[in-house]
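Before any comments, here is the structure.
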2 protein chains.
Amino acid sequence: MSTTPCEQCPLRGLKYFRDFSAPELDFVSRFKTGELSVEPGAIVLMEGSHSAHLYTILQGWGFRYKTLEDGRRQILNYLMPGDLVGLQGTVMGEMQHSVEALSPITLCVFERGRLNSLFSDHPSLAYDITWIAASEERMLDNHLLSIGRRTALERAAYLLAFLYNKAVRVGLLEKNGPIPVTQQHVADTLGLSIVHTNKTLRKLADRELIRWTDKGCIVLDDAGLAKTAGWEADSRNARPFI
Amino acid sequence: MSTTPCEQCPLRGLKYFRDFSAPELDFVSRFKTGELSVEPGAIVLMEGSHSAHLYTILQGWGFRYKTLEDGRRQILNYLMPGDLVGLQGTVMGEMQHSVEALSPITLCVFERGRLNSLFSDHPSLAYDITWIAASEERMLDNHLLSIGRRTALERAAYLLAFLYNKAVRVGLLEKNGPIPVTQQHVADTLGLSIVHTNKTLRKLADRELIRWTDKGCIVLDDAGLAKTAGWEADSRNARPFI
DNA sequence: CGCGTGTTTGACGCCGATCAAAAACGGTGG
DNA sequence: CCACCGTTTTTGATCGGCGTCAAACACGCG
């Protein structure tokens, strides 16, 4: 499969992402050095590695996670089109989390070495990267609040409403499409056991907020989920991406 | 009290922070428009506000937190000298968390309007801001892992080891100084009830890893804490700050 | 002395972990 | 087509960690 030129980037058509000026687009298209395709379940980046690359998700679902010595796993966040991958490793050296594909994904590959010229020659793009980092931080704040202070049912509802909203906005999910996770993923995100996660998701299904299928979770009533989570989705538009 | 000129910034003497070039120093000293002093327990920034400022902690302890409607509170992270405050609000508009002083703190105040010229004229400083944001993200990753997958005892040990290490490096804490938190703060950070937090901290005290005083927590054995948390502190030096 | 804030302790109950096993499914090979 | 398998979901029983309730204790302060 040939690579997608940035000029024809499918994300650019979405209202959710901001437009580029011509010089920005020109720079980014030279910044991009290739594409990477990864199969579901495969590791994109490994904790402890020193990757020479920075990536943006072009299509598909992935997730970031960390593990403790004894195998306990915590999923930190989910990755969707437009998300920057590997910034921590790029800016600070070693990766301290891993990244795994949830569906087949393709990533745009950027040359780390050219990041300096991005900062020096395209301050607006540098600002975008900061914006994205701040946005990621904000998501983590929300997850931390959720895991720390919400009950199991609220947590689950929050997670699914969050994933649904974000995925729809980036064009990754149509209204009745499945979020491609297993209950094990949900458990590792919420900090719960898989058994209790199952019972919790069952309650959400009984309330007809979701339906669980072999392809993942179908959100039937995202407003209802947000309500049981005590959360309101952030509806701002026009976020940047690289 | 008159303000501290950036040329004499006490943080600059610490090995932990990187040096500035003359032009950088010059810019930053003009970027800084004043200082803000806040008493313990007072709110520096409020969730939902639109602050026109960006801050760096010059001295003292603070923390970031979010609350749910019903009052449940989650502390997201602790703020120490060199930490940037309000970046999320500056870059993305509204603040989605609050900031409170834990000790008397003083902050350097930066004009948000000049952030553009920082990005356009001082790419190295823009890079530093990205670095700091990535670093904050990394800390949140660690906290998420902790709350999601560690036991109460491990969580508490991790938190105290983390705070101790960071505080010592920025010159905020001498070897036997107290971390100025109450057990309520610890509980709200770990996602535990205050009663259970107390019983957990007691276990750490019984093992002679910490001692609790009316001024806060004294770390007696930070290696021991890190060990019971199953964690190794990151010993990298030379981080940037603004 | 009385009060407020913070720490400590005990009793009890529940949420969620753990253990165990059964379904339900798609995929594979005979 | 069917037997077998691995993965995932589902359910029940039991256990334990942590929450909740309640009350004491310690301390600094006016």
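Chain A is the first sequence line, chain B the second, and so forth, proteins listed ahead of strands; every chain is numbered from 1.
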Does the side chain of B:Gln74 come under 3.5 Å of the side chain of A:Asp141 through a donor N or O and an acceptor N or O? no
Collect all protein-nucleotide pairs involving nucleotides 16-18 of chain C in which both atoms are nitrogen or oxygen and the distance is under 3.5 Å.
{"from": "C:dG16", "atom 1": "OP1", "to": "A:Ala152", "atom 2": "N", "distance (Å)": "3.2"}
{"from": "C:dG16", "atom 1": "OP2", "to": "A:His196", "atom 2": "NE2", "distance (Å)": "3.2"}
{"from": "C:dG16", "atom 1": "O5'", "to": "A:His196", "atom 2": "NE2", "distance (Å)": "3.3"}
{"from": "C:dA17", "atom 1": "OP1", "to": "A:Ser193", "atom 2": "N", "distance (Å)": "3.1"}
{"from": "C:dA17", "atom 1": "OP2", "to": "A:Ser193", "atom 2": "N", "distance (Å)": "3.0"}
{"from": "C:dA17", "atom 1": "OP2", "to": "A:Ser193", "atom 2": "OG", "distance (Å)": "2.8"}

Residues in contact with DNA chain D, drawn from residues 176-183 of chain A - heavy-atom cutoff 4.0 Å: A:Thr182, A:Gln183
Ion pair check, A:Asp83 and A:Arg64, cut-off under 4.0 Å: no
Report the distance from atom OG of B:Ser37 to atom CG of B:Leu107, rounding to the nearest 0.5 Å. 8.0 Å
Are OP1 or OP2 of C:dT7 and a side-chain N or O of B:Asn198 less than 4.0 angstrom apart? no
Between A:Tyr158 and A:Thr228, do the side chains contain an N or O donor and an N or O acceptor separated by less than 3.5 Å? no
Protein and nucleotides 25-28 of chain C: nitrogen or oxygen contacts under 3.5 angstrom:
none

Can I get a per-line list of side-chain donor-acceptor pairs under 3.5 Å for residues 143-152 of chain A, giving both atom names and the distance, sequence neighbours left out?
{"from": "A:His143", "atom 1": "ND1", "to": "A:Leu76", "atom 2": "O", "distance (Å)": "3.4"}
{"from": "A:Ser146", "atom 1": "OG", "to": "A:Arg150", "atom 2": "NE", "distance (Å)": "3.2"}
{"from": "A:Arg149", "atom 1": "NE", "to": "B:Arg73", "atom 2": "O", "distance (Å)": "2.8"}
{"from": "A:Arg149", "atom 1": "NH1", "to": "B:Leu192", "atom 2": "O", "distance (Å)": "3.4"}
{"from": "A:Arg149", "atom 1": "NH2", "to": "B:Ala187", "atom 2": "O", "distance (Å)": "3.0"}
{"from": "A:Arg149", "atom 1": "NH2", "to": "B:Asp188", "atom 2": "OD1", "distance (Å)": "2.7"}
{"from": "A:Arg149", "atom 1": "NH2", "to": "B:Leu192", "atom 2": "O", "distance (Å)": "3.2"}
{"from": "A:Arg150", "atom 1": "NH1", "to": "A:Ala229", "atom 2": "O", "distance (Å)": "2.7"}
{"from": "A:Thr151", "atom 1": "OG1", "to": "A:Glu154", "atom 2": "N", "distance (Å)": "3.3"}
{"from": "A:Thr151", "atom 1": "OG1", "to": "A:Glu154", "atom 2": "OE1", "distance (Å)": "3.4"}

Using modelled atom types only, decide if a donor and an acceptor are shared between the side chain of B:Ser103 and the backbone of B:Gly60 within a distance under 3.5 Å. no
Answer with yes or no whether the side chains of A:Tyr78 and A:Thr189 bring together a donor and an acceptor at under 3.5 Å. yes
Please report the end-to-end axis angle for the helix from C:dC1-D:dG30 to C:dG30-D:dC1, five pairs per end, rounded to 10 degrees. 30°
Salt bridge between A:Arg72 and A:Glu69, side-chain N to carboxylate O under 4.0 Å? no
Establish, from distance only, whether the side-chain atoms of B:His196 and B:Ser193 form a donor-acceptor pair under 3.5 Å. no
What's the verdict on ring-ring contact (aromatic ring centres under 6.0 Å, His included) for A:Phe63 and A:His185, showing C-alpha distance, side-chain angles and the deciding distance? CA-CA 9 Å; A:Phe63 63 93; A:His185 290 120; 5.2 Å; yes
To the nearest 0.5 Å, what is the distance between OG on A:Ser51 and CG on A:Leu45? 5.0 Å
Any chance the side chains of A:Gln96 and A:Glu47 put a donor and an acceptor closer than 3.5 Å? no
Correct closest heavy-atom pair for A:Pro180 and A:Leu102 would be O-CG, 3.3 Å
Locate the shortest heavy-atom distance separating B:Gly62 from B:Ile105; write the atom from each residue and the value. N-CG2, 4.5 Å
At a 4.0 Å cut-off to heavy atoms of chain B, the contacted part of DNA chain D spans D:dC18 to D:dC21
Flag the pair A:Glu208 and A:Arg211 as a salt bridge only when some basic side-chain nitrogen lies within less than 4.0 angstrom of an acidic carboxylate oxygen. no
